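Structure provided below as structure tokens; questions to follow.
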Amino acid sequence: MNPGILIAFEGIDGTGKSTQLPLLATYLRNQGYVVIETREPTTGPYGQQIRALYQDRQQVSREQELELFVLDRQQHVAECILPALEQGHIVLTDRYYFSTAAYQGAAGCDPAAIFQRNSFAPEPDMVLLLAMTAAESVTRIRELRGESLNDFEQQDQLEKVAALFASFPHGCIVRINAARSVQEVQSSIREAVRQMFAKKGIECSG
Ligand code: TYD
């Protein structure tokens, strides 16, 4: 057990994780907490190899791809997440091992085996699953970001990923409807965090 709090943001691409995470960080800092914002894939050596795969996943086998995500996470946990939790900080991570179970699961690996392989990683106190349909997320990626879809983001693939995210039974997962305004989504996120803090007896005001 460590004294910190770990919150993971999960969901398919385009659901707004990277908008919502800094807003929650600001809210928690205003309450006096030390908050570490981090993300996967990381900017480390394995994360860089993963990013190189975005345009052409065929360069490596599914197993090699899975291995890269696990190696990247081992480094992330050892060098960033655990030290911050041991110091009692709040860690907000944009993606965690649920992404591996969902994305590499959709690519044909066994999600249960993926969870097993990630058992070195501390279980989050809460997973905020930003949920929307693959069709909505693809529209957002194309129209709002003006981007084309990379190899991890093809719509049929995202449908499988969304279905897997929705199927995970973990009690730490809180589903947030992400097909709403930034403010509405953020207010649901804050409410969920306040409830989790209240259960743990940690102070957090409105
Ligand atoms: P993303 O959050 O889009 O990162 P960035 O904005 O920095 O490019 O994640 C990159 C892609 O990697 C995304 O499509 C999901 C995929 N991914 C996996 O397939 N498995 C994983 O374990 C993780 C962490 C990400």
Side-chain angles (χ1 to χ4, degrees), residues 6-22 24-25 37-81 91-124 127-134 136-142 144-166 168 170 173 178:
L6 176 59
I7 300 176
F9 283 68
E10 293 283 15
I12 57 175
D13 304 79
T15 48
K17 295 181 299 302
S18 54
T19 302
Q20 296 294 340
L21 185 150
L24 179 64
E37 295 174 61
T38 187
R39 66 179 308 144
E40 295 184 1
T42 70
T43 52
Y46 300 113
Q48 286 173 31
Q49 284 186 57
I50 291 166
R51 274 166 225 273
L53 295 178
Y54 281 8
Q55 299 312 322
D56 180 14
R57 283 174 86 174
Q58 307 313 320
Q59 297 167 43
V60 294
S61 69
R62 291 293 92 110
E63 180 50 39
Q64 286 170 319
E65 179 184 293
L66 172 60
E67 181 69 12
L68 281 177
F69 281 110
V70 172
L71 288 168
D72 189 41
R73 182 160 308 113
Q74 279 172 347
Q75 191 168 21
H76 191 210
V77 165
E79 293 179 9
C80 170
I81 295 178
V91 178
L92 305 182
T93 182
D94 185 339
R95 298 196 180 281
Y96 201 38
Y97 57 79
F98 299 83
S99 278
T100 319
Y103 281 83
Q104 280 58 57
C109 303
D110 172 20
I114 295 173
F115 281 121
Q116 189 61 38
R117 208 151 145 185
N118 279 277
S119 52
F120 66 87
E123 193 183 329
V127 174
L128 294 162
L129 176 58
L130 301 197
M132 64 168 57
T133 66
E136 283 167 324
S137 92
V138 165
T139 305
R140 280 199 183 186
I141 294 167
R142 287 213 180 99
L144 301 180
R145 289 202 220 149
E147 289 171 11
S148 57
L149 300 181
N150 71 39
D151 261 9
F152 286 97
E153 296 172 338
Q154 300 306 318
Q155 185 168 336
D156 55 339
Q157 204 60 21
L158 284 183
E159 270 159 21
K160 288 189 204 160
V161 176
L164 279 170
F165 270 131
F168 298 149
H170 305 68
I173 297 179

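No experiment lies behind these values; they were computed from the predicted model shown. Heavy atoms only: backbone and side chains are in, while hydrogens, waters and symmetry mates are out. Just follow the structure's listing: the first ligand is 1, and inside any ligand the first atom is 1.
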Non-hydrogen atom of Arg51 closer than 4.0 Å to ligand 1: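 The answer is yes, since Arg51 has a heavy atom less than 4.0 Å from ligand 1.
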
Separation between CZ of Phe9 and CZ of Phe98, rounded to the nearest 0.5 Å: 14.0 Å

Mutual orientation of the aromatic rings belonging to His170 and Phe115 [parallel < 30°, tilted 30-60°, perpendicular > 60°]: tilted

Ligand 1 contact by Glu65, heavy-atom criterion under 4.0 angstrom: no

Subset of ligand 1 atoms that lie under 4.0 Å from at least one heavy atom of Arg73: 22 (O), 24 (C)

Any N or O of Asp94 closer than 3.5 Å to N or O of ligand 1: no

Which residue and heavy atom of the protein sit nearest atom 22 (O) of ligand 1, plus the separation: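 The answer is Thr100 OG1, 2.6 Å.
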
CZ on Arg73 to CG on Leu68, rounded to 0.5 Å: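 It is 11.5 Å, given to the nearest 0.5 Å.
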
Short N-O contact, Glu40 and Lys17, less than 4.0 angstrom: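 Looking at Glu40 and Lys17, the cut-off is not met.
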
For atom 18 (C) of ligand 1, the protein heavy atom that lies nearest, with its residue and separation: Phe69 CZ, 3.2 Å

Protein contact of atom 14 (O) of ligand 1 - nearest heavy atom, named by residue and atom, plus distance: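 In this structure, atom 14 (O) of ligand 1 has Asp13 OD2, 2.8 Å as its nearest protein heavy atom.
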
Tyr96 and Ile81, any side-chain heavy atoms less than 4.5 Å apart: yes

Nearest neighbour in protein (non-hydrogen) for atom 6 (O) of ligand 1: Arg39 NH2, 2.9 Å

Minimum-distance protein heavy atom relative to atom 20 (N) of ligand 1: Gln104 OE1, 2.8 Å

Short N-O contact, Asp110 and Arg117, less than 4.0 angstrom: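 No, Asp110 and Arg117 are not salt-bridged.
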
Close side-chain approach of Thr42 and Glu79, heavy atoms under 4.5 Å: no

Any N or O of Arg95 closer than 3.5 Å to N or O of ligand 1: yes

For Pro41, atoms of ligand 1 separated by under 4.0 Å from a heavy atom: 9 (O), 10 (C)

Point-to-point distance, once rounded to the nearest 0.5 Å, from OH of Tyr97 to CD1 of Ile114: 13.0 Å

Within-shell test, Tyr54 vs ligand 1, heavy atom, strictly < 4.0 Å: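 It does; at least one heavy atom falls under 4.0 Å.
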
